[in-house]
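Contents: one structure, followed by commentary.
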Amino acid sequence: MAAWPLAVLAFLYGVHLARHEGARPARAVWFPGDGRAPTVDGQPVDAVQVTWRGPLAFMRWRDRAGRWQRLAWWPDTLPAPMRRELRLAASSTDAVRRRAGVAP
């Protein structure tokens, strides 16, 4: 009895979420590769972490206000060449961070 009204509500909520996400502006992520901090939308960020779960990519960082921000890329939103570029850029920033940990 309640299945149809709940199904309609779930459908309307899905439409609302799709419109909300579709209206969000695209983010510009840049890994300079020369030891400088990565930038998101032109603002330098701290504590960047890129993790992978199969073909899914997740990026987490601290903005200048100290709040954690997150991005997620699915295979249909990030083509294979760009996924590879992100993987290489993120691994190069990890190498820069680890360099200071070597004993003198």
Side-chain angles (χ1 to χ4, degrees):
M1 181 88 142
W4 281 104
L6 289 175
V8 170
L9 283 175
F11 175 76
L12 292 175
Y13 184 65
V15 169
H16 168 73
L17 286 179
R19 291 185 68 191
H20 177 71
E21 290 297 319
R24 289 177 60 183
R27 307 295 298 260
V29 178
W30 184 54
F31 289 88
D34 58 0
R36 291 184 291 157
T39 63
V40 176
D41 295 335
Q43 301 296 320
V45 295
D46 298 321
V48 176
Q49 301 169 352
V50 178
T51 56
W52 296 87
R53 291 192 181 133
L56 305 177
F58 300 93
M59 185 171 129
R60 183 177 168 205
W61 71 93
R62 264 191 212 276
D63 61 11
R64 288 296 171 193
R67 293 183 304 254
W68 283 104
Q69 304 288 327
R70 292 174 185 84
L71 284 176
W73 291 281
W74 291 70
D76 61 341
T77 60
L78 192 65
M82 291 181 78
R83 272 197 316 271
R84 183 174 189 276
E85 188 175 336
L86 176 63
R87 188 180 301 266
L88 292 173
S91 67
S92 70
T93 60
D94 288 341
V96 169
R97 270 189 296 218
R98 283 187 290 233
R99 192 179 317 146
V102 177

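Because the structure is a prediction, the values reported are computed rather than measured. Hydrogens, waters and symmetry mates play no part in the numbers below; they use all other heavy atoms, side chains included.
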For Arg27, give me all partners under salt bridge (charged side-chain N to carboxylate O under 4.0 Å, His left out), at least two apart in sequence or on another chain. Asp41

Trp52-Met82 co-clustered via ILVMFWY side chain contacts under 4.5 Å: yes

Apart from Trp68 itself, which Ile, Leu, Val, Met, Phe, Trp or Tyr residues share its cluster (side-chain heavy atoms under 4.5 Å, direct or through members)? none

Going by side-chain heavy atoms closer than 4.5 Å, which hydrophobic residues are tied to Val15, directly or by a chain of links? Val8, Phe11, Leu12

Only one of Leu71, Val48, Thr39 clears side chain to side chain contact (heavy atoms under 4.5 Å, CB included) with Val29; which? Leu71

Which salt bridge (charged side-chain N to carboxylate O under 4.0 Å, His left out) pairs, counting each pair once, include a residue from residues 3-21, with sequence neighbours left out? Glu21-Arg24

Suppose the criterion is salt bridge (charged side-chain N to carboxylate O under 4.0 Å, His left out): which pairs have a residue in residues 3-14, not counting sequence neighbours? none

Measure the shortest side-chain to side-chain distance between Val50 and Trp73 over non-hydrogen atoms and say whether it is less than 4.5 angstrom. no

Show me the donor-acceptor pairs, under 3.5 Å and distance only, between side chains in residues 53-64 and residues at least two apart or in other chains.
residue	atom	partner	partner atom	Å
Arg62	NH1	Gly66	O	3.0
Asp63	OD1	Ala65	N	3.2
Asp63	OD1	Gly66	N	3.1
Asp63	OD1	Arg67	N	2.8
Asp63	OD2	Arg67	NH2	3.4
Asp63	OD2	Gln69	NE2	3.2
Arg64	NE	Pro44	O	3.1
Arg64	NH1	Asp46	OD2	3.3

